[in-house]
Amino acid sequence: MAISQGLPLENDGDAEIVAQVLAGDTAAYALLVGRYRAQFARYATRMLGNREDAEEALQDAFLRAYRSLAKCEDPARFGSWLFRILANRCRTAGARRGRREKTFIRDDVAILDASEEHPEDRTAWREEIQRALLMLEEDQREAFLLKHVEDLGYDEMAELTGVGVSALKMRVKRACERLRALLKEVQR
Amino acid sequence: MVHDEEFDPFIAEIARELKHPVALDARFDARVMAALEPTVIPITVHRSAARPWYRRTFSFSVSQVAGLAAAAALVGVVAMNVMKPGAPAGSTVAALPEGAMALQPVADVTVDENAPVQQQFILIAPTASSVSLVGDFSDWDASRLKMERVSADGAWSITVPLVPGRYEYQFEVDGKQRVTDPTRPATSSEFGSANSVVTVERRD
């Protein structure tokens with residue numbers, strides 16, 4: 001299975017598609033959905049820990065973006081704008097779930113990723129990683145995913161999150177330390 | 001001051017595992033598109049007594065798409081009624097809902113109910129190498145309405161002028177697999193298989 005690259009926050013033609021949608025061509029929005037669905041689904045799933053919540057957050061983000069499309073100040077950077085909506089939605093969903101209970105069971109994420117290339121121990125290891133990820137503070141998890149999974153630079157991260165670069169670096173550093181501690185223990 | 005962290009093989013391995021893609025429900029795109037509110041209120045008009053060739057009904061036997069599961073990349077299907085610039089003159093009766101995004105003037109003019117409406121069909125099929133639209137408006141002939149791949153993400157599109165009315169259709173993928181549109185109502189043909197149904201209405 002190919003490993004996806006980082007977040008596609010800018011794509012040629014986004015501004016034209018946004019203009020089409022605003023002109024009444026609702027169907028053109030499907031192009032934007034298709035363009036950003038996969039990468040953003042990965043981010044939402046890693047942030048929230050299960051596919052159901054991730055799909056709900058992602059669908060909600062697409063719908064919110066559609067309803068507010070006229071307010072998108074830079075349609076050429078629709079992806080960045082949409083991602084900010086999604087990130088906010090994930091934070092809200094994460095806070096809500098935190099009030100319920102911390103649940104990560106052996107289901108969606110690990111099983112979705114499983115394939116013949118990844119035997120059981122691989123799946124178990126990935127499950128442990130996701131479990132550890134969910135034990136991080138939410139802001140640390142977000143920073144870690146953006147930096148190390150979505151391969152964004154700190155300036156891009158700062159733009160997306162509205163958090164300063166120094167604070168983001170600190171969050172990433174702490175996230176790495178915590179993950180290392182949690183997962184080294186599992187490996188022992 | 002926190003410095004950029006040095007390369008850490010352990011963190012790199014974690015990141016590599018987390019980079020693997022995750023699959024969404026195959027109908028995710030269709031669900032999103034179905035949830036979008038229309039930007040204008042469609043105006044329903046009565047059908048004309050005349051029945052041009054693209055209005056003839058024709059039932060078609062379609063086997064259930066056994067390959068649909070195999071075609072996991074077939075993510076979703078949407079069909080939307082769109083009014084393009086250059087639509088027939090004298091065909092605009094627009095009513096904008098509060099807060100609608102469409103910025104079209106409200107006019108009150110004669111409606112030509114036989115004037116075709118540009119109907120766009122979109123299929124998200126990233127792994128398809130060809131897609132055709134087939135329906136009673138084209139005598140179910142896959143050679144007539146070849147769809148165009150319009151994005152690297154696998155969106156296939158075609159816009160067809162249709163007189164307001166009810167039509168049945170499907171998509172033919174790679175010349176062999178016919179799929180219905182999960183976002184639209186389906187009807188059974190006389191052979192018991194389902195076609196998607198779109199009702200084209202005037203909207204200006």
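Below, chains carry the letters A, B, ... as their sequence lines are ordered, and counting in each starts from 1.
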Options B:I11, B:I14, B:V32, ranked by heavy-atom pairs under 4.5 Å with chain A, top entry | B:I11
Between A:L145, A:V165, A:L31, which has the largest tally of heavy atom pairs under 4.5 Å with chain B?
-> A:L31
With sequence neighbours excluded, residues passing ring pair (Phe, Tyr, Trp, His ring centres under 6.0 Å) with A:F144 = A:H148
Stepwise, does the side chain to side chain donor-acceptor pair (under 3.5 Å) test hold for B:W140 with B:E168?
-> CA-CA 9 Å; B:W140 300 92; B:E168 296 184 22; over 6 Å; no
With A:D60 via salt bridge (charged side-chain N to carboxylate O under 4.0 Å, His left out) - residues at least two apart = A:R64, A:R89
Heavy-atom contact with chain B under 4.5 Å, split by part of A:L133 | side chain
Can you tell which part of A:Y29 gets under 4.5 Å to a heavy atom of chain B, answering side chain, backbone, both or neither?
-> both
Evaluate the ring pair (Phe, Tyr, Trp, His ring centres under 6.0 Å) criterion for residues A:Y43 and A:F83: first the C-alpha distance (whole Å), next the side-chain angles of each, then the deciding distance (0.1 Å), finally the verdict.
-> CA-CA 10 Å; A:Y43 174 80; A:F83 183 79; 4.7 Å; yes
